[in-house]
Structure formats: structure tokens, C-alpha cells
Peer 1: 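Following this message is one structure expressed as C-alpha cells.
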Amino acid sequence: MNPKMKDKYVDDLFEAILSLETPEECYSFFGDLCTVLELKSLSQRYQVARMLSEHHVYSDIVSETGASTATISRVNRSINYGNDGYAIVFERLKGKKKDES
């Protein structure tokens, strides 16, 4: 974890996010918290990370997400040298999909 991120306000935000239970609650909360552009940027980075983890090439990611190569490179650095946050989420979602089948 990046120690520069850690503070009481970020802890409070994460606790609030963890209290959400449905996609509708997420839409309500994030709709109040973020601008449309901020939310679109976050969701774009997430999709880039998903595609990178599935070994898509940059040109396919640009075509599908509209992300710049700079954004893709930044997300790729996070996947390879970051805090493993994407890996945690992808692994849990993969397990959840197996449980649902």
C-alpha cells in the first residue's frame, strides 16, 4: 500500500464503499461522489486492467476502451509493480463467477 494514500479520510471513504451492497447503491453513491468524467475514467482504467490481465494487446485495448496508450501503460505499471489490488479483485470475481455457474 502506498503510505501517501493512508489517512483517516481515505479510511472513512473505503468504509463507506465497503458498506454498499448492490450495484444500484453504488450508482447512487458514486453518482453523488464523482463527476461523470471521474467515474468514466475510473471505469475505463478498470476495463484496461481487465483486458491487460487477459493478455489483450494495446491496439485492441485502445479500440475497445478509447484509453490512450499512456493510460494503458500507467495501468500496466500498476498491475506489474503496484499493490496487487487488481489481482485481488480479478481473483475474487473469477471465484464468484465459478460459484454462480
Peer 1: Is it the case that the side chain of N83 and the backbone of G85 share a donor-acceptor pair, with hydrogens and angles ignored and the cut-off at 3.5 Å?
Peer 2: no
Peer 1: Between Q44 and T65 (side chain of the first, backbone of the second, donor and acceptor by atom type, cut-off under 3.5 Å), is there such a pair?
Peer 2: yes
Peer 1: With no hydrogens and no angle check, is any side-chain donor or acceptor of E38 less than 3.5 Å from a backbone partner on T35?
Peer 2: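 Yes; at least one donor-acceptor contact below 3.5 Å.
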Peer 1: Any side-chain heavy atom of L13 sitting closer than 4.5 Å to one from L33?
Peer 2: yes
Peer 1: When clusters are formed by joining ILVMFWY residues with side-chain heavy atoms under 4.5 Å apart, either directly or through shared neighbours, do I17 and L42 land in the same one?
Peer 2: no
Peer 1: Report yes if some heavy atom in the side chain of S78 is under 4.5 Å from a heavy atom in the side chain of Y86; otherwise report no.
Peer 2: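 Yes, side chains in contact.
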Peer 1: Under a single-linkage definition using a 4.5 Å side-chain heavy-atom cutoff for Ile, Leu, Val, Met, Phe, Trp and Tyr, are L52 and L93 assigned to the same hydrophobic cluster?
Peer 2: yes
Peer 1: Please say yes or no: joined through hydrophobic side-chain contacts below 4.5 Å, possibly via intermediate residues, are I61 and F90 part of one cluster?
Peer 2: yes
Peer 1: Do N76 and Y58 have side chains that approach each other closer than 4.5 Å (heavy atoms only, starting at C-beta)?
Peer 2: yes
Peer 1: Are E25 and F30 packed together at the side-chain level, in the sense that at least one heavy-atom pair is separated by less than 4.5 angstrom?
Peer 2: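 No - every pair of side-chain heavy atoms lies 4.5 Å or more apart.
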Peer 1: Given the side-chain rings of F14 and Y9, with only the six-membered ring counted for Trp, is the space between their centroids under 6.0 Å?
Peer 2: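 Not under 6.0 Å, so no.
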Peer 1: Could you tell me whether E64 and R50 have a side-chain N and a carboxylate O separated by less than 4.0 Å?
Peer 2: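 Counted as a salt bridge, because a side-chain N and a carboxylate O are separated by less than 4.0 Å.
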Peer 1: For a 4.5 angstrom cut-off between non-hydrogen side-chain atoms, does F29 reach S19?
Peer 2: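 The answer is no, as the side chains (C-beta and beyond) never meet within the 4.5 Å cut-off.
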Peer 1: Once you round to the nearest 0.5 Å, how far does CG of D7 lie from CG of D12?
Peer 2: 8.5 Å
Peer 1: Just by modelled atom types, is the L37 backbone N or O under 3.5 Å from a matching donor or acceptor in the S41 side chain?
Peer 2: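 Here the side-chain-to-backbone pair exists.
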Peer 1: Should Y46 and V62 be regarded as members of a common hydrophobic cluster, given that ILVMFWY residues are connected when their side-chain heavy atoms come within less than 4.5 Å of each other, either directly or indirectly?
Peer 2: yes
Peer 1: Please say yes or no: joined through hydrophobic side-chain contacts below 4.5 Å, possibly via intermediate residues, are L39 and L20 part of one cluster?
Peer 2: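 Yes, L39 and L20 fall within the same hydrophobic cluster.
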